[in-house]
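Below is one structure, written out as structure tokens; comments come after it.
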Number of protein chains: 2
Amino acid sequence: MSHYYESAGVESPGTGRLIDFPSRVTIIDEGEPANAIYQIVSGNVMISKLLPDGRRQIFEVLGPGHMFGVTPNGHYDCIAEALTDVRVTAFEKGQVDRSSAFNAQLADVLKIQICALHEHAVLLGRKSAVERVASYILELIEGTSPNEGWVSVRVLMTRSEIADYLGLTLETVSRAFSHLKRDSIIAYERYDGLIRVNIPRLRPLTSTY
Amino acid sequence: MSHYYESAGVESPGTGRLIDFPSRVTIIDEGEPANAIYQIVSGNVMISKLLPDGRRQIFEVLGPGHMFGVTPNGHYDCIAEALTDVRVTAFEKGQVDRSSAFNAQLADVLKIQICALHEHAVLLGRKSAVERVASYILELIEGTSPNEGWVSVRVLMTRSEIADYLGLTLETVSRAFSHLKRDSIIAYERYDGLIRVNIPRLRPLTSTY
DNA sequence: CGAAGAATTGAGGTTAATCAACGAGGGTGG
DNA sequence: CCACCCTCGTTGATTAACCTCAATTCTTCG
């Protein structure tokens, strides 16, 4: 069962309801009846699944504009958890089903998500540990302004979460970070998760075009 | 460049054009301008991506009703290849964009695909070789009538293709099949890819609910 | 029948997982 | 304020799983 922390029930423009969640809180649980579709206003949300024995796989980390809680049947097929403090718009099932504007926007974000899931499947199925971590760091930077030279970026996920995202163990992730640091491809800053990244040297390690 | 084998350009009911492809032919290539969206009428299509050094990851094997060639930008993000002889309906870009009936159907299949991609990410990131192969065989049976007892199923993909689908090598896939055969969980029939499967004994090996 | 491709099996090497110890913050309560 | 605990991260030693290389068999098709 997930525990819901609601902000004041402010009505958003498009029939949606604004809800706030603090960091690390479960927003939706796998198997719950799918009563709403959520769109992120601010913050980041991790989407994952658990195996019966506790193994976890995180598929994607979504940011503002993205949607989750979409399912082909009546139940959520995965877990959504707040990585940061998050503000979402919740659209009640049935209220938006017939809105073609909503469905058009939904289709757009689903296309982007499928594309990202494809890329992530290549990572999980075919990349080495260092390639995975390099790809992860580069992914953090995507969208950040300058894509050349040294760039600073904040790593919000723990080693354990990164491991569950990359299909590795936390030790292997830690070793890969150490490896990149030793080779001066990344450098740690005053330890609040901030790192500096040498993009031209990192990019070739990802084995991506 | 993919080479297109077209059937007689029969017009399908909904402004789509019917096209036939023989087995193993490339239907769309990554990077090509996305001029059409395809819906499978009959047969199966493998969706994959290649890394620069030739490593391949197959994400999904699609059947009738499913769509491919959907992309958030103007270019295909992955390869589509005929696993069997395939008949598809090709919908030209621009002709269907404003059809809400088409978009509704598109959204429906995208939701199913995302769900499948989630499940596959768990397999790639968190399952052992035998668990992956067991999951693969069970997936072949999904939709086949009786889900209990012994069931016959045809394995259409080569060991190499299965390996690229499961993120393994073909030898590891072969060993996993041999392992399942030795334990009488599957049995080979007169070798045209047909195997018999003991579902009650196979299912626990997949580590899925 | 012969050739080419597919599958199987074995031996040995490599990568990442596992098991384990230790250190660095951050919060809590005495 | 300090001692304690707990989580997180790092690093080392060992193990296990899977990959690589190689040889052989099986299957299909001309």
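Chain identifiers are assigned alphabetically (A, B, ...) following the order of the sequence lines, protein sequences preceding nucleic acid strands; residue numbering begins at 1 within each chain.
- With sequence neighbours left out, R175(A) forms a side chain to side chain contact (heavy atoms under 4.5 Å, CB included) with E171(A).
- Using a 4.0 Å cut-off between charged side-chain N and carboxylate O, D183(A) and R201(A) make no salt bridge.
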Review point. Which parts of nucleotides 9-14 of chain D does protein reach within less than 4.0 Å, heavy atoms only, written one letter per nucleotide 5' to 3' as B for base, S for sugar-phosphate only and - for none?
Key: SBBBB-

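- For the helix from dC1(C)-dG30(D) to dG30(C)-dC1(D), the axis fitted to the five pairs at one end and the axis fitted to the five pairs at the other end meet at an angle of 40° (nearest 10 degrees).
- The interatomic distance linking D164(A) (CG) with dC8(D) (P) rounds to 12 Å, in whole Å.
- Residues satisfying the side chain to side chain contact (heavy atoms under 4.5 Å, CB included) test with T84(B), not counting sequence neighbours, are N44(B), V86(B), L156(B).
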Exercise for review: Please assess E81(A) against V45(A) for the test side-chain contact (heavy atoms from CB on, under 4.5 Å), listing each intermediate value before the final yes or no.
Suggested key: CA-CA 6 Å; E81(A) 189 182 350; V45(A) 174; 5.8 Å; no

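- Between the C1' atom of dA7(C) and the CD1 atom of I162(B) lies a distance of 11 Å, rounded to the nearest Å.
- A salt bridge links D192(B) to R154(B): at least one charged side-chain nitrogen sits closer than 4.0 Å to a carboxylate oxygen.
- Legend: residues meeting ring-ring contact (aromatic ring centres under 6.0 Å, His included) with F102(B), ordered by chain and number and at least two apart, are F91(B).
- Taking atom CD of residue E161(A) and atom C1' of nucleotide dT7(D), one finds them 12 Å apart after rounding to whole Å.
- If you take CG of L168(A) and P of dT18(C), they are 11 Å apart, rounded to a whole angstrom.
- Evaluation of the salt bridge (Lys or Arg N to Asp or Glu O under 4.0 Å) rule for E161(A) yields R24(A) as partners, not counting sequence neighbours.
- When the side chain to side chain contact (heavy atoms under 4.5 Å, CB included) test is applied to S42(B), the partners found at least two apart in sequence or on another chain are R87(B).
- One interatomic measurement links the two molecules: CG of D192(B) to P of dC29(D), which rounds to 11 Å at whole-angstrom precision.
- Here R159(B) pairs with nothing under the salt bridge (Lys or Arg N to Asp or Glu O under 4.0 Å) rule; sequence neighbours left out.
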Please set out all donor-acceptor pairs under 3.5 angstrom arising from side-chain atoms of residues 111-121 of chain B, sequence neighbours excluded.
residue, atom, partner, partner atom, Å
Q113(B), NE2, M67(B), O, 2.8
H118(B), ND1, D77(A), OD2, 3.0
E119(B), OE1, K49(A), NZ, 3.4
H120(B), NE2, Y165(B), O, 2.8

Just the atom pairs and distances: protein N or O near nucleotides 3-5 of chain C's N or O, under 3.5 Å.
none

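- Ring orientation note: the planes of F21(B) and Y38(B) are nearly perpendicular, at an angle over 60° on the 30°/60° scale.
- Residues that satisfy the salt bridge (Lys or Arg N to Asp or Glu O under 4.0 Å) test with E139(A), not counting sequence neighbours, are absent from this structure.
- Going from atom CG of L180(B) over to atom P of dA7(C) covers 16 Å, rounded to whole Å.
- Residue L166(B) holds its CG atom at 7.5 Å from CG of L124(B), rounded to the nearest 0.5 Å.
- Atom CD1 of I186(B) is separated from atom C1' of dT8(C) by 13 Å (rounded to the nearest Å).
- Near DNA chain D, defined here as any heavy-atom distance below 4.0 Å, there are no residues from residues 117-139 of chain A.
- One interatomic measurement links the two molecules: NE2 of H179(A) to C1' of dA16(C), which rounds to 14 Å at whole-angstrom precision.
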